[in-house]
Amino acid sequence: MAEYNFREIEQKWQQIWKEKGTFKAAVDPKRPKFYSLDMFPYPSGAGLHVGHPLGYIASDIISRFKLLKGFNVLHPMGYDSFGLPAEQYAIQTGQHPALTTEQNISRYTEQLKNIGFAFDWDREVRTSDPAYYKWTQWIFMQLFSSYYDLEANKALPISSLVARFEQEGNARVKAVCDEDTPAFTAAQWKAFSTNEQQQLLLHYRLTFLAETTVNWCGALGTVLSNDEVKDGFSERGGHPVERKKMMQWSMRITAYADRLLKGLDQLAWSEPIKEMQRNWIGKSIGAEVVFAVKGSNQKIQVFTTRVDTIYGVTYLALAPESDLAAELITDAQRATAEAYIQQAKNRSERDRMSDVKTISGAFTGAYAINPFNGEEIPVWIADYVLAGYGTGAVMAVPAHDERDYNFATHFGLEIRQVIEGSMENGSFPGKGGIVINSGNLTGLTMKEAMTQSIAFLEEQGIGRGKVQYRMRDAIFTRQRYWGEPLPVYFKDGLPYLIEEKDLPLVLPEVDKYLPTEDGAPPLGRAKDWTYTTETGTYPLELSTMPGWAGSSWYFFRYMDPSNTHSFADKDKTDYWGAVDLYIGGSEHATGHLLYSRFWTKFLYDIGAVSIDEPFQKMINQGMIQGRSNFVYRIKGSNTFVSLGLKDTYDTSAMHVDVNIVHNDQLNLEKFKAWRPDLANAEFILEDGKYHCGAEVEKMSKSKYNVVNPDDIIERYGADTLRLYEMFLGPLEQFKPWNTNGIDGVYKFLRKLWNLYHPQNGAFTVSDLPASKEELKALHKAIKKMEEDMANFSFNTSVSSFMICVNELTSLGCNKREVLEPLAILISPYAPHIAEELWALLGHGESITKARFPAFQEAHLVESNFEYPVMINGKLRAKLDLPLTLTVPEIEKAALADAQVQKWLEDKAPKKVIIVPGKIVNLVV
RNA sequence: GCCGGGAUGGUGGAAUAGGUAGACACGCAAGACUUAAAAUCUUGUGGCCAUCUGGCCGUGCGGGUUCGAUUCCCGCUCCUGGUACCA
């Protein structure tokens, strides 16, 4: 083999890796472990595009680097294979989603294998596989059978809660439960019917059935997330969406809010991502205050973080959606207030967003009583109050809250200052100031006033200190077919778990993947979708789990993928522990990453695993955007003008397939083949070439800018693709895909190959000792690679390889002493060529079993340094001096230099700055 | 609005405990080889001025600190990601 034949080499080594099981991982307590994980893909019908492998290549490089460093590496891949696209496709074609999914997975797998990843394919998981989702269902059952105990600060079995109820009722139980949970004694509990008891337990279970308001899309027959709704219409298909109350399964993730918040401090994630999670959880510490309504039995409950300003309350504001608001309206105000409510409801989110400055509201006519001073304060309706947060009601303190201030100013309401400070610039929060005009709170600091008022509220039974989270409990059901069935049946309208021995509860066959005629989910079409116990046969739950169920624990399954008696052996999860490096997109910041952390903490609580944070270190790769190319057609003709000339004609731009454009030059023959209808097109060229325009857009089929990695591999090979994707720029940066620089990377690999094949392409290496320069070139690269691996700076490593190979080429180096470590160095990036060279060097074992070359500082030590000599901050001369010189000696040498003297004009410098080994600067 | 990230040649990007700006690569130009093209190799390539030695300008804009600023500070502009009145 004389030439660098990437096709032959890459196929050969991918085959050998597969046959020898090179990347099979196994528990080995003697070696340190390294768990390197990619966010697994949803296998879409479009196949993999060049953006997908970016993160996978980075994690593959780290994995292979860790192998060379002697780690036992777990580096798996799998598929998040439940999802809406397959179901939509099924609705359109009648093809079973399992079939489509299977086909898509085969395509993805083939594409991934072509890139030569060091995945242990034996560990592949698929969330839609019954052997996998058996355990997703199992985890659901554990959640159903648990409650969150606030004293133990962890999840405990619901059976121990029942035991406590039997002994003492629920008065002293400190547990996370629904707000409306009634109090009962032990005697009452025992007197309840089974149904009543079950009903009560639902208030405590970590997964529970409750009425929630959801985005219901009748046309799709399903509930959509906020993300999936745009301007009141579904993102897919544009069908109308309405807010509707429905019985839904929820996960009590709020029970873990505080631990999810605190856990972030320990994680090596980027600050922006942690910050996003903190904001999402949104912890506020404050108090709940109950206001009585004058002349009514109604109470208004508000949540406030500033109870210290309670004497400054001059009105209450209710959300327009609140039922209470409607009830409080007096006859005198009815017309205006109800009109306002109606108007607020009609305002779309979009309107509210673009119209933040408009202040609107309506007076209800009702008055509330301030419990601290008995004052009567007006109750208003305002759309700046959100129904979904806190209690949907606020106590307004215009003097110390900007929104309240604007509202009060607009409607001429009183503004009463209760914190010391100047009101010249409108309201001010006054945190840390002294409380004034506030009865017996006057003179206290904010903190003291808070403590004292909360004590007063609790004493009077009209409020309490409260921690409020922005985060809601997570809705856990979808009215869809292609998801995990819930292992739940209904008896007397109450949910019960099926028995564990009956898992997995396999998704039934249906005739159509649409909702039933009476609006039930697709599973309503399944025959015999029932569960039989000793007491009878009962209907099973018709909803399925949401997309995030299966992805919330897959990282554990990789550790023990074919286990049939548990989701993973404890021995194995203990050995592999947390993920050491997780690479994926930042779009999962608040969804997947939060749910996974929640489930891991839960599994930790029940003793199923020994870690309570799944992902120790995370890197978020930037999305690869598409780069579209354009041709310019003269309007009404079949003539196309090159970019530089387009303005001299009346043209319209047209997307052209980026795959027939190279370096922004159009291949005319391919263009005609691409668009047979334009086969007779004429071209007006520049310098004999057709230059295309370019623009950065999202990668999409309709913009003809999708680049398939297979095409790149076909043309340049997988090693080039891998190197090039890394060379493109910093991993975390968003960047458009373009192939403009790929030739340089390909050229580099051929140069590398030629180092080992110096004469007439024959493999030759010399066993002579390497020269000083050769070793220096090598060790510079070793040093750089070590540093770059620590910083995840992949692009600069590729540069340093290029520099090294360029230097070795000009030195004519073909010494084994240099070329062996060089092959190892490059092997994480370009594994195929490295394996081939390693084999040619006479090694029988895979290069992945080699050890990373040790960096030796001695090879980089210089005796001389070329000092830049700056005069008044400008570079004027260079001086090659031994590094052993002292500062005075350097100064003497610098002043003696002819160039320097010319600039000094015989004057002595005012100041001399010398940094040995760096710079000489003279000030004149 | 708020919270992140960013702005460096024709292009992708290097270099920040403050110390020679533009590594590496693409593109472009010239040359060699070739009947020719491709490939390969050599040289040049931030801008302006200059016959040359060389000079001036230059890291989004305006200031500041410093012997010295792409890097630090203050004030802006624009791009980009997230988020949406959270009481």
Side-chain angles (χ1 to χ4, degrees), chain A residues 270-276 278-280 282-284 286 302-307 309 316-317 319 349 352-353 355-357 359 382-386 388-397 400-404 406-407 468-471 586-587 589-590 620 622-623 625 627 663-665 687 694 723-724 727-730 732-748 750-751 754 793 795-806 866-878 899 902 909-915 917-924:
Chain A
S270 72
E271 269 317 309
I273 297 278
K274 286 206 228 178
E275 206 46 38
M276 272 192 222
R278 286 193 190 104
N279 290 339
W280 187 264
K283 181 178 184 175
S284 338
V302 305
F303 173 74
T304 178
T305 54
R306 295 298 304 277
V307 69
T309 62
L316 295 190
E349 289 267 296
R352 281 179 164 201
M353 269 161 59
D355 196 21
V356 203
K357 297 278 175 277
I359 294 157
D383 75 352
Y384 78 86
V385 181
L386 302 180
Y389 181 74
T391 57
V394 303
M395 52 174 242
V397 184
H400 307 293
D401 181 279
E402 200 188 331
R403 286 155 312 166
D404 297 347
N406 292 338
F407 191 86
Q468 182 74 43
Y469 294 96
R470 200 181 81 105
M471 183 169 68
S586 53
E587 66 272 20
T590 48
N620 302 105
M623 207 201 310
Q625 296 152 312
R627 187 172 183 278
N663 286 334
D664 285 342
Q665 286 166 25
D687 318 322
L723 276 166
Y724 186 60
F727 191 57
L728 216 47
E732 301 191 63
Q733 192 171 301
F734 280 63
K735 51 202 168 256
W737 175 262
N738 73 77
T739 45
N740 288 352
I742 199 164
D743 285 329
V745 170
Y746 182 55
K747 228 184 274 181
F748 158 74
R750 274 180 300 177
K751 270 190 186 171
N754 290 339
S793 175
N795 54 331
T796 49
S797 266
V798 179
S799 303
S800 74
F801 296 152
M802 288 174 171
I803 294 170
C804 179
V805 166
N806 287 346
E866 192 179 50
Y867 279 93
V869 182
M870 325 265 292
I871 293 168
N872 289 338
K874 291 209 160 90
L875 180 69
R876 296 300 181 190
K878 288 193 179 183
Q899 268 299 318
K902 182 185 137 196
K910 241 196 270 174
K911 195 167 178 186
V912 181
I913 295 109
I914 292 170
V915 185
K918 281 243 164 105
I919 203 162
V920 177
N921 196 1
L922 308 174
V923 187
V924 186

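Naming convention: chains lettered A, B, ... in sequence-line order (proteins, then strands); numbering from 1 in each chain. Atoms considered below: every heavy atom in the structure, side chains included; atoms not considered: hydrogens, waters and symmetry mates.
- Between A:Pro868 and A:Glu275, the residue anchored nearer the 5' end of RNA chain B, judged by the nucleotide with its closest heavy atom, is A:Glu275.
- Taking atom CZ of residue A:Arg470 and atom P of nucleotide B:rC86, one finds them 10 Å apart after rounding to whole Å.
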Going 5' to 3' through nucleotides 4-14 of chain B and flagging B where a protein heavy-atom sits under 4.0 Å of the base, S where only the sugar-phosphate is that close, and - otherwise, we get S-------BSS
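- A:Arg278 comes within contact range of no nucleotide atom at all, as no heavy-atom separation falls under 4.0 Å.
- Separating the CD1 atom of A:Ile871 from the P atom of B:rU20 is a distance of 16 Å, rounded to the nearest angstrom.
- We find that CG of A:Leu316 is positioned 17 Å from P of B:rA87, with the value rounded to whole Å.
- Judged by closest nucleotide on RNA chain B, A:Met802 is the one of A:Ala393 and A:Met802 placed further toward the 5' end.
- When the side-chain nitrogen and oxygen atoms of A:Ser284 are compared with OP1 and OP2 of B:rA87, one or more of them lie within a distance under 4.0 Å.
- Between A:Arg750 atom CZ and B:rA38 atom C1' there is a gap of 11 Å when expressed in whole angstrom units.
- One can place OH of A:Tyr746 at 17 Å from P of B:rA25, the figure rounded to the nearest angstrom.
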For RNA chain B, the dot-bracket notation using Watson-Crick and G-U wobble pairs below 3.5 Å, [ ] for pseudoknot-type crossings and | for other-strand pairs, is (((((((..(((......[....)))((((((.......))))))((((....))))..(((((..]....))))))))))))....
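- Nucleotides B:rG54 and B:rU59 are separated by 24 Å at their C1' atoms, to the nearest Å.
- Distance, A:Asn279 CG to B:rC2 C1': 10 Å, rounded to whole Å.
- Going from atom CG of A:Asn806 over to atom C1' of B:rA25 covers 10 Å, rounded to whole Å.
- Annotation: side chain to side chain donor-acceptor pair (under 3.5 Å) contacts of A:Asn921 (sequence neighbours excluded): none.
- Among residues two or more places apart in sequence or in another chain, the ring pair (Phe, Tyr, Trp, His ring centres under 6.0 Å) test is passed with A:Phe727 by none.
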Each nucleotide N or O in nucleotides 65-69 of chain B that has a protein N or O under 3.5 Å away: list the pair and distance.
residue	atom	partner	partner atom	Å
B:rC67	OP1	A:Lys911	NZ	3.3
B:rC67	O2	A:Asn921	ND2	2.4

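- In this structure A:Asn279 satisfies the side chain to side chain donor-acceptor pair (under 3.5 Å) test with no other residue, sequence neighbours excluded.
- Interatomic distance, CD of A:Gln468 versus OG1 of A:Thr305, reported as 10.5 Å (0.5 Å rounding).
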